[in-house]
Protein chains: 2
Amino acid sequence: MTENVRERTAAADEVRAEGRTVAALAGLLADATRAAFCLALLDGRAWTANELARHAGVAASTATAHLNTLTEGGLLAEERQGRHRYVRLAGPEAAELVEHLAALAPRQHTPAPRTLSATTRRSAMARARTCYDHLAGLLGVTITEAMAERGLLDWERGPALTPAGVDWLGALGITLPPGSKRPAVRPCLDFTERRPHLAGTVGAAICRHAFEAGWIVRIGTTRAVSLTPEGRQALASRLDLRHHAILAP
Amino acid sequence: MTENVRERTAAADEVRAEGRTVAALAGLLADATRAAFCLALLDGRAWTANELARHAGVAASTATAHLNTLTEGGLLAEERQGRHRYVRLAGPEAAELVEHLAALAPRQHTPAPRTLSATTRRSAMARARTCYDHLAGLLGVTITEAMAERGLLDWERGPALTPAGVDWLGALGITLPPGSKRPAVRPCLDFTERRPHLAGTVGAAICRHAFEAGWIVRIGTTRAVSLTPEGRQALASRLDLRHHAILAP
DNA sequence: TCGATACTTCGGCCGGCGTCGAAGTGTCCG
DNA sequence: CGGACACTTCGACGCCGGCCGAAGTATCGA
């Protein structure tokens, strides 16, 4: 009735409006199926609608509806090719949001896989995998920690690349893009290791280089990757790794 | 029927289980009221249930239910004092998640405030406010960019504190905690300025120091803060700011 | 001891959303 | 040209969850 009351409700409306935009974004990931889609897409590649449907165990029509929701919400980008609908995460920000949620979500019990293939699949993922555009798993944290030990990374005042780190990347043929808005170095909590691995433009560049130089290859169509003999050799020489677990076949 | 099919559905169950944990976390923020609560709590302080209820414009009983949900989900920590229920964000990780969502949520139209008090409230927030445990608004980005210009921060290879930055903090009586898991320096996208301001342990330390040294004081019970004459003086001398907008009364 | 205040519990209402299968459209390939 | 395949649209079903007000409990202050 009075100005006071009217003003109070106007303020509340404003508060709720802000809340609604955040809630809308969170709502995109507040469904088990949509979250499963995004976790799968965290491998950084494009999937077809059917692949995602089978992956998450839902009908194709259900997948269609969810993909519409996710793309309209701006979390996914899509590309149509013939009768296929390819979708991928819209960009690094979207991937970071999914990572963030996954890292904070309570650790699940994982009641010990019962089949042999499930066991090997899981151990391959824990050993080495991609996390959107950078490396994760034992491989990811090993590289990260080896870089820190060799003085290529500074975690105390950073995270940041040291001058030695810039040289080390240069020797691989990787140069830093100047004035990028995205942080060069960003910590990303590893699911399986529970220690941070390297993300940001540098993490992405190292991952890209590892693929291009044949250090790693994908295992089938999963997020898991396999370290090649060339990769072992390169890690051992470039990071002074000796008798490290990641070097075992 | 066959082992193949059984294995495939087992894998889908596993996928859905992972999806469900992420969805549960996202679901906490997928409601306009709960999101509004968390955005309010982003000021880093503890609010009572009633304050939040009035802030978001819902009944007290509704607020109770939401606070139960949020605390059980691990996003909020609560403290009971007599007949009051104080809640705050559970920690830096929770605050970062809320920040992340808020930064990525589509910019809202904000149809020009109609009342005088709404206008002044908004401009005070845009000028200087806290963002969980660090400074935001024009003040936050001004400090951040001035530090970068003076060579105290390195955005190219970092973000990271330079040796000069360590000295500068030392002159304020701030020392870096060694071997912290939390990054010393982290960029946090500013709502109003759309440029990053400084977060991480260093951002928090600077904010704490600004309060303790009387550089800033809170405006009422909002997130907004006001720069004191001592604060103006300190910024001008310590960061070489001359005729900068933030120094105007 | 009594009233005021802060929060909680309960019951009931209602809307929204995720799910599916069946039928429809578009694309590829033989 | 016709069959196979990928995706989409539609309708129906069911359930979950947010909202409120009223009544109940706990705490504070006089």
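In what follows, chains are A, B, ... by sequence order, proteins preceding strands, each numbered from 1. All values below come from the heavy atoms of this structure, side chains included, with hydrogens, waters and symmetry mates left out.
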Results of side chain to side chain donor-acceptor pair (under 3.5 Å) for D133(A) - residues two or more places apart only: R182(A)
Protein proximity profile, nucleotides 24-30 of chain D - base contact B, sugar-phosphate-only contact S, no contact -, cut-off 4.0 Å on heavy atoms: ---BS--
So for the helix from dT1(C)-dA30(D) to dG30(C)-dC1(D), with five pairs setting each end axis, what is the inter-axis angle to 10°? 30°
Nearest-angstrom distance from the residue atom CD of E72(B) to P of dT8(C): 12 Å
Ring pair (Phe, Tyr, Trp, His ring centres under 6.0 Å) pairs touching residues 68-90 of chain A, sequence neighbours excluded, are H84(A)-Y86(A)
Protein-nucleotide distance (E79(B), atom CD; dC7(C), atom P), rounded to Å: 14 Å
Taking side chain to side chain donor-acceptor pair (under 3.5 Å) as the test, write out the residues that go with T228(B), two or more places apart. E230(B)
Below 3.5 Å, can you tabulate the donor-acceptor pairs from side chains in residues 205-213 of chain A to any protein atom, sequence neighbours excluded?
residue: H209(A); atom: NE2; partner: L172(A); partner atom: O; Å: 3.2

Sorted by chain and residue number, the side chain to side chain donor-acceptor pair (under 3.5 Å) partners of R34(A) (sequence neighbours excluded) come out as H66(A)
Can you list the residues that meet the side chain to side chain donor-acceptor pair (under 3.5 Å) rule with R85(B), with sequence neighbours excluded? N68(B), E78(B)
Using the side-chain contact (heavy atoms from CB on, under 4.5 Å) criterion, which residues pair with A30(A)? Sequence neighbours excluded. A26(B), A30(B)
Taking E72(A) for its side chain and T69(A) for its backbone only, find out whether a donor-acceptor pair lies under 3.5 Å. no
Residues at least two apart in sequence or cross-chain that pass side-chain contact (heavy atoms from CB on, under 4.5 Å) with A136(A), listed by chain then number, are R129(A), C131(A), D190(A), H197(A)
Looking at N50(B), does any N or O in its side chain come under 4.0 Å of the phosphate oxygens OP1/OP2 on dC7(C)? yes
Quick one: side-chain contact (heavy atoms from CB on, under 4.5 Å) partners of A59(B), sequence neighbours excluded? S61(B), T62(B)
Value in whole Å for how far the C1' atom of dA6(D) lies from CH2 of W47(A): 17 Å
Under a 4.0 Å heavy-atom criterion, the protein footprint on nucleotides 8-20 of chain D, written with B, S and -, is BB--------SSB
